[in-house]
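Below you'll find the structure, written out as structure tokens, and then a few comments.
Proteins come first, then strands; the chains are lettered A, B, ... in the order of their sequence lines, and each starts at number 1.
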2 protein chains.
Amino acid sequence: MTAVSGSPANGRAKLADVAKLAGVSVGTASKALSGSGRMRPETRQRVLAAVEALDFRPNQYAQSLHTGRSWTVGLMTTDGIGRFSTPVLLGAEDALGAGKISVLLCDTRGDAIREQHHLRNLMDRRVDGIIVTGRRTDPRPPLTGVERVPTVYALSPSTDPDDMSVVSDDHSGAQLAVEHLLATGRTRIAHVTGPAHHAAARDRARHTVDLLERNSLELATGRVHFGEWSEAWGRRAAEAVLRTAPDTDAFFCGNDQIARGVADALRENGTDVPGRIAIVGYDNWDIMALACRPPLTTIDTDLTEIGRQAALRLLSAIGSEPHPGLHAVPCRLVVREST
Amino acid sequence: MTAVSGSPANGRAKLADVAKLAGVSVGTASKALSGSGRMRPETRQRVLAAVEALDFRPNQYAQSLHTGRSWTVGLMTTDGIGRFSTPVLLGAEDALGAGKISVLLCDTRGDAIREQHHLRNLMDRRVDGIIVTGRRTDPRPPLTGVERVPTVYALSPSTDPDDMSVVSDDHSGAQLAVEHLLATGRTRIAHVTGPAHHAAARDRARHTVDLLERNSLELATGRVHFGEWSEAWGRRAAEAVLRTAPDTDAFFCGNDQIARGVADALRENGTDVPGRIAIVGYDNWDIMALACRPPLTTIDTDLTEIGRQAALRLLSAIGSEPHPGLHAVPCRLVVREST
DNA sequence: GGTCACTGAGCAAACCTTTTCCTAGGTGAC
DNA sequence: GTCACCTAGGAAAAGGTTTGCTCAGTGACC
């Protein structure tokens, strides 16, 4: 099984084969490829031709062993891979792929043991950086034991404000929704959202109240309706709101499922949407927003962009230009027929 | 920047540090760790203690460089990462993670150029194997240029029957649905499904017709209703079916969205579900099946299991025990209130 | 003509682990 | 007491690439 040196016949070509064919030393061949080192153009040409002829591809393990760089980042999703982490993941993969970096996927299923296990694995593989993403917007404790590895938290920020975090800008989301409703002449706005123990629900609600106050308005029912992120809750809440404040002329909902529930309830009791009551959702989850009757005006959180931004920050941190702190990606308003 | 040999002070410990601390040679230390080689138990103990003391972790690049194994597999999703590929991906990640193997994620977005690019990347990284997954059940052409690397196709089988493919068993799905409906006394069953140019729609329809024939029955409307995978199509189709065959007593739908559309249409024209008409969906997409009124009886395709099976087959192929051919994972029936 | 500067290219160490081969010492048997 | 065998452990090569250093040659300038 001795490798016949100089012959790439058994297995793939290595740099020594290239060098031999080009009539130069291994070192020179390496320099020709990396572009470093000075040499006659014709020499470089010869090497490049040999590379072509042998279909040479450098052994990444040998490279990484030497340089210490793996051209790999770890992507840890802490809550399973779901509706929220998927677009983030895609955005990140896209931005990293452009930089010749591959993504190692780790799913912790929310289990701390598993997280620790994956983390060790990533460190063993000498990843250049790590992106951590979750499905909730509540802050999470930072990873432990990654001191030397740049880390970016996407969607779920780190509780440590000096870490790099990229999140969705709930303020801009609430603002877009409220201003859109005001612009279309609505003034008696109800807010139906998820559980109060979710930061996403709390934050969006707070900003909504603030924005209304700034316009000398208050919520139609005088309070926020916290509940669940479900259609069923949307339906129940719609009825409750109309019982309390029959003159409500708009619903701003904490997500698209709730909004769809509201829309269903209104349609079934014969209320004209958007004629009498307008509805704005949140997330722009196409499957909900488009299937809704009428199709839903909603806030797009641009999760893919959050993933991209996270990746870009990670890349610059790997290039030793860290931008620590929290970075909020603004939302976009998507107008459809419910307003 | 000379490494002070024997001192792991600058950077992480290497095997030489461990050996020095344990008072043995590097080779012996390696043998102690791998369990190979014979040595006095006390010597092995000393090495292990040194490993512990220095928190030594072997350099995977050095290992891979030597052994040629990367303990990594590529996971290519060809249609973006969506509702279907995600569970497959999780199942695979789970099974592989147990085998100390990490997953490199590649998303081709359905672009052949991108696929080729990622493929080269995976080959450069000397992955031990590749799992290819898509969102459609239609067969896809096999990857080109991966001769030496075991490959498993999940969800979308390869057109080459000698490749390893793991798919969902549409026959079992149709069978479970039809037999369940027959068992609950339904005999005039309509089938509403997606576009005829999707293998999933065609196959499920074909099996449904076959199974009815075997029971000397035929479809309520005499034909399959091909359309789109959408709620809107479900609503339209439900009305069309009832116009043609008012005595229809069950709908078997090609996916849960269509089923939900059917359910909505029936509820809105006052038809009792499941009293007068039963509905069975397909996919067990919780977000649809649970939000449906009434909650949907449906076929669970067990995508996670498909991912797991694909990973297991890949592992055994890597261990040079390939099981070529098509492997179909059976579905499960999930009974809820729509039947 | 001699020295200097510069350029093109090769040599060899380093990156870290695994594995094969080998040695030295010890033990048991005859 | 000698020989053969066995065992623990060491030395070194291999795996493929990068890079700093060295060396030889060439042209220019004094």
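An OP1 or OP2 oxygen of C:dA9 is reached within less than 4.0 angstrom by a side-chain nitrogen or oxygen of A:Thr43. Taking side-chain N and O atoms only, A:Arg40 has no distance below 4.0 Å to OP1 or OP2 of C:dT7.
In terms of position along DNA chain D, the nucleotide closest to B:Met39 lies nearer the 5' end than the nucleotide closest to the other residue of the pair B:Gln63 and B:Met39. Each of B:Pro41 and B:Ala62 was matched to the nucleotide of DNA chain D holding its nearest heavy atom; the match closer to the 5' end belongs to B:Pro41.
Among all heavy-atom pairs drawn from A:Gly74 and A:Val127, the shortest one is N-CG1, 3.9 Å.
At whole-Å resolution of the value, CG in B:Asp17 and C1' in C:dT17 are 13 Å apart. Across the protein-nucleic acid pair, B:Arg69 atom CZ and C:dT17 atom P stand 19 Å apart, rounded to whole Å. The interatomic distance linking B:Arg44 (CZ) with D:dA8 (P) rounds to 10 Å, in whole Å. The nearest whole Å value for the distance from the CH2 atom in A:Trp71 to the P atom in D:dT17 is 17 Å. Computed from coordinates, the A:Gln45 CD to C:dG8 C1' distance equals 16 Å when rounded to whole Å. With rounding to whole Å, A:Arg125 atom CZ is found 16 Å from C:dT17 atom P. Rounded to whole Å, atom C1' of C:dC16 lies 14 Å from atom CG of A:Asn59. Between the CD atom of B:Gln60 and the P atom of C:dT18 there is a distance of 10 Å, given to the nearest Å.
For B:Val24, whose side chain is taken as the heavy atoms from C-beta onward, the closest listed nucleotide among D:dA8, D:dG10, D:dT17 is D:dG10. Here the side chain of A:Val26 is nearest to one of C:dT17, D:dG10, D:dT18, namely D:dT18. Here the nucleotide nearest the side chain of A:Leu15, chosen from D:dG15, C:dC16, D:dT18, is D:dT18. Of the candidates C:dC16, D:dG9, D:dT18, the closest approach to any side-chain atom of A:Ser30 belongs to D:dT18. When the nucleotides D:dT17, C:dG10, C:dT17 are ranked by their closest atom to the side chain of A:Ser25, C:dG10 comes out on top. Distance from the side chain of A:Leu65 is smallest to D:dG16 among C:dT7, C:dA9, D:dG16.
Taking CZ of A:Arg125 as the start and CD of B:Gln60 as the end, the distance is 4.5 Å to the nearest 0.5 Å.
Donor-acceptor pairing under 3.5 Å, judged by distance alone, is absent between the side chain of A:Lys31 and the base of C:dG8. For B:His66 against C:dT17, no side-chain N or O and base N or O form a donor-acceptor pair under 3.5 Å.
Between B:Asp94 and A:Arg114 there is a salt bridge, with a side-chain nitrogen of the basic residue lying less than 4.0 Å from a carboxylate oxygen of the acidic one. A salt bridge is defined here as a Lys NZ or Arg NE, NH1 or NH2 lying under 4.0 Å from an Asp or Glu carboxylate O, and B:Arg109 with B:Glu115 fails to meet this definition.
Residue-level contact check: A:Ser34 touches neither bases nor backbone, having no heavy atom under 4.0 Å from any strand.
In this structure, a donor-acceptor pair under 3.5 Å is absent between the side chains of B:Thr159 and B:Arg140.
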Q.
With side chain to side chain contact (heavy atoms under 4.5 Å, CB included) as the criterion, how do A:Val73 and A:Ile318 come out once you've worked through the C-alpha distance, each side chain's angles and the decisive distance to 0.1 Å?
A. CA-CA 10 Å; A:Val73 316; A:Ile318 291 173; 4.3 Å; yes
